[in-house]
Colleague: 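A single structure is presented below for examination.
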Amino acid sequence: MKIVTWNVNSVRKRETIILDWLAANDPDILLLQETKVVDASFPKTSFEEKGYHLALFGEPGRNGVAIVSKHPIEDVASGLPGDADDPQARYIEATIDGLRVASVYVPNGTSTDSPNFAYKLAFYDRLRRHAAAHLDAETPLVIGGDFNVAPEPIDVYDPTALDGTICYHPKEREALRSLTNQGLYDAFRATNPTRRQFTWWDLRGGSWDRDEGLRIDYLLLSPQTTDRLQSADSDPKTRAGKGISDHIPSWCVLG
DNA sequence: ATGGTGGGTCACCCA
């Protein structure tokens, strides 16, 4: 069972790239973020013609998450509990082959003095509480997505210079640890303990050419799912060239 | 280098 997460920065702009990548890599499940489209305008047919099932949670123009699966999708739940007034489409989960699978697009936060930063920290608290309920129930769980936080110094290109900046602020790392320390395992880091592999490079300023990136996209596994973990990796080739997302796909393989 | 590029939407907001 191969499960991929990919922030595609507009599914309509990236449709061909995604379908080509799926054909070449044949994952069981693809978790998408930043689809940037309402469900009615999602290019459903392109995926369904290739045999994929879909679960969609979009909004006009920004955010948006989706689950693409070779296997039937059951019990879809859209939206992260904890704030009924939150209009942003950033979380969807469903059951596939007995596994509870979530696609999450954590808010970027913009900057530490922005109101979006408080929203980001509050979102992490909601995610922590929601994950706690699944962990208490011993649900076999995978939460994949763009977490917009680099967990450790090895996950950023310059840990000294970046300390305190957005996506690597101590409060953000603390919020992430409060989530993972409940008993979620980072599939990439668990299987690649010392490897530096970024998943995002800013589109501005030639950061790809200088390899100035962050590892902010990953898959978090519950203990039951971690027992099945065989490998995890990502595909930097997708960051080269034109018309690409600023994020690359990352995945884990479960036995 | 408080810049830079890109998406969505159509004056800016977000990343």
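In what follows, every heavy atom counts, from backbone to side chain, and hydrogens, waters and symmetry copies are set aside. Sequence lines set the chain letters: A, B, ... in the order given, protein chains first and strands last, and positions in each chain run from 1. These numbers come from a predicted model, not from an experiment.
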Colleague: Nearest 0.5 Å please: distance from the CZ atom of Arg215(A) over to the CH2 atom of Trp200(A).
Modeller: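 Here the rounded value is 15.0 Å.
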Colleague: Mind calculating the distance between CG (Asp246(A)) and P (dG6(B)) to the nearest angstrom?
Modeller: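 Atom-to-atom, Asp246(A) to dG6(B), this comes out as 11 Å.
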Colleague: How is Arg90(A) classified with respect to the nucleic acid when contacts are heavy atoms under 4.0 Å: base, sugar-phosphate, or nothing?
Modeller: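 Sugar-phosphate only.
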Colleague: Rounded to the Å, how far apart are Asn108(A) CG and dA15(B) P?
Modeller: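 Checked: the CG to P distance equals 5 Å.
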Colleague: For the atom pair CG (Asp97(A)) and CE (Met1(A)), what is the distance rounded to the nearest 0.5 Å?
Modeller: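 The CG atom of Asp97(A) sits 4.0 Å away from the CE atom of Met1(A).
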Colleague: To the nearest angstrom, how far is Asn63(A) atom CG from dG8(B) atom C1'?
Modeller: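 Answer to the nearest Å: 12 Å.
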Colleague: Expressed in angstrom and rounded to an integer, what is the separation of Arg62(A) atom CZ from dT9(B) atom C1'?
Modeller: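 The answer, rounded to whole Å, is 13 Å.
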Colleague: Expressed in angstrom and rounded to an integer, what is the separation of Trp200(A) atom CH2 from dG6(B) atom C1'?
Modeller: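 So the CH2-C1' distance, Trp200(A) to dG6(B), works out to 13 Å.
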Colleague: Taking OP1 and OP2 of dG6(B), is either one under 4.0 Å from a side-chain nitrogen or oxygen of Arg12(A)?
Modeller: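 Indeed not, no polar side-chain atom of Arg12(A) lies that close.
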Colleague: Could you check Pro107(A) against Thr35(A) and say which one's nearest nucleotide on DNA chain B is further toward the 5' end?
Modeller: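 Counting from the 5' end, the first nearest nucleotide belongs to Thr35(A).
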Colleague: With rounding to whole Å, what would you report as the distance between dG3(B) and dG8(B) at their C1' atoms?
Modeller: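 Pairwise C1' distance, dG3(B) against dG8(B), rounds to 22 Å.
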Colleague: When the distance from OH of Tyr105(A) to C1' of dG7(B) is rounded to whole Å, what number comes out?
Modeller: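 After rounding, the reported distance stands at 11 Å.
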Colleague: Are the aromatic rings of Phe57(A) and Tyr91(A) close, with centres under 6.0 Å apart?
Modeller: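 Not under 6.0 Å, so no.
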Colleague: Given the side-chain rings of Trp251(A) and Trp6(A), with only the six-membered ring counted for Trp, is the space between their centroids under 6.0 Å?
Modeller: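 No, ring centres 6.0 Å or more apart.
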Colleague: Between Ile166(A) (CD1) and dT2(B) (P), how many Å, whole number?
Modeller: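 Going from Ile166(A) (CD1) to dT2(B) (P), I get 19 Å.
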Colleague: Could you state the atom-to-atom distance from CZ of Phe147(A) to C1' of dA15(B) in whole Å?
Modeller: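 It works out to 18 Å between those atoms.
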Colleague: For dG4(B) versus dA15(B), give the span between their C1' atoms, rounded off to a whole number of Å.
Modeller: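 To the nearest whole Å, 13 Å.
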Colleague: For His247(A) and Glu59(A), take the nucleotide of DNA chain B holding the closest heavy atom to each; which residue's nucleotide lies nearer the 5' end?
Modeller: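 Closer to the 5' end of DNA chain B: Glu59(A).
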Colleague: Check the phosphate of dC13(B) against Thr110(A), side-chain N and O only, distance under 4.0 Å to OP1 or OP2. Yes or no?
Modeller: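 Result: no.
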Colleague: Can you tell me how far OG1 of Thr194(A) sits from CZ of Arg189(A), rounded to the nearest 0.5 angstrom?
Modeller: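 Between Arg189(A) CZ and Thr194(A) OG1, I get 7.5 Å after rounding to 0.5 Å.
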Colleague: Distance check, P atoms only: dT5(B) and dT9(B), in whole angstrom units.
Modeller: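 So the two P atoms sit 22 Å from each other.
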Colleague: Please name the nucleotide paired to dG6(B) by Watson-Crick or G-U wobble geometry with both distances under 3.5 Å, or report none.
Modeller: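 Base partner found: dC14(B).
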